[in-house]
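Have a look at the structure below before the remarks.
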Amino acid sequence: QVQLVESGGGLVQAGDSLRLSCAASRDTIYIPAMGWYRQAPGKERELVASITSGGNTNYADSVKGRFTISKDNAKNTLYLQMNSLKPDDTAVYYCNAVWSPTGWALNAYWGQGTQVTVSS
């Protein structure tokens, strides 16, 4: 299993920057894919950004050009650098990882989330 702990959320003003961190209990170099999701009140949880063990990244159109996902395998930590924050970015941000405890089947793991609030 993989335990994930997010940190770095908070209350900021529009235009500010924030970096979220996700500490994993396993070596991230062995995790096939990790990502950041967010969920705003009354909205479905949506994918913000993802990164594979090979370094391939994907971003939601709403954050592309403003957010950057990265991973430090030496620290077993996933990051989300958020620049030019907008009020619409307000949500609970969740760290996600997919990992195979059996060697073939992939399970999804989630952190508890960290609140990001952007005021206008």
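Sequence neighbours left out, not one pair with a member in residues 104-120 passes salt bridge (charged side-chain N to carboxylate O under 4.0 Å, His left out). Within the structure, salt bridge (charged side-chain N to carboxylate O under 4.0 Å, His left out) pairs that include any residue of residues 92-120 do not occur (at least two apart or interchain). Sorted by first and then second residue, the pairs that involve residues 72-120 and meet disulfide (SG to SG under 2.5 Å), not counting sequence neighbours, are Cys22-Cys95. The stretch residues 69-80 participates, sequence neighbours left out, in no salt bridge (charged side-chain N to carboxylate O under 4.0 Å, His left out) pair at all. Listed by first then second residue, pairs satisfying ring pair (Phe, Tyr, Trp, His ring centres under 6.0 Å) with a partner in residues 50-78 number zero, not counting sequence neighbours. For the salt bridge (charged side-chain N to carboxylate O under 4.0 Å, His left out) condition, no pair includes a residue of residues 111-120, sequence neighbours left out.
The two atoms that bring Ala91 and Tyr93 nearest to each other are O-CD1, 3.4 Å, heavy atoms only. The two atoms that bring Glu6 and Gln112 nearest to each other are OE1-N, 3.0 Å, heavy atoms only. For the pair Leu85 and Arg66, the tightest heavy-atom approach, listed with the atom from each and the gap, is CA-NH1, 3.9 Å.
The hydrophobic cluster around Trp104 extends to none of the other residues, as no ILVMFWY side-chain heavy atom falls under 4.5 Å of it.
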Just distance, no hydrogens or angles: give the donor-acceptor pairs under 3.5 Å from side chains in residues 9-21, sequence neighbours left out.
unit_1 : atom_1 : unit_2 : atom_2 : d
Asp16  : OD2    : Gln13  : N      : 3.1
Ser17  : OG     : Asn83  : OD1    : 2.9

Enumerate, atom names and distances included, each donor-acceptor pair closer than 3.5 Å involving a side-chain atom of residues 47-55, sequence neighbours excluded.
unit_1 : atom_1 : unit_2 : atom_2 : d
Thr52  : OG1    : Gly54  : N      : 3.3
Thr52  : OG1    : Gly55  : N      : 3.4
Thr52  : OG1    : Asn56  : N      : 3.2

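In this structure, Tyr94 has no ring pair (Phe, Tyr, Trp, His ring centres under 6.0 Å) partners at least two apart in sequence or on a different chain. For the salt bridge (charged side-chain N to carboxylate O under 4.0 Å, His left out) test, no residue two or more places apart in sequence or in another chain qualifies with Arg26. The side chain to side chain donor-acceptor pair (under 3.5 Å) test applied to Glu46 returns Arg38, not counting sequence neighbours.
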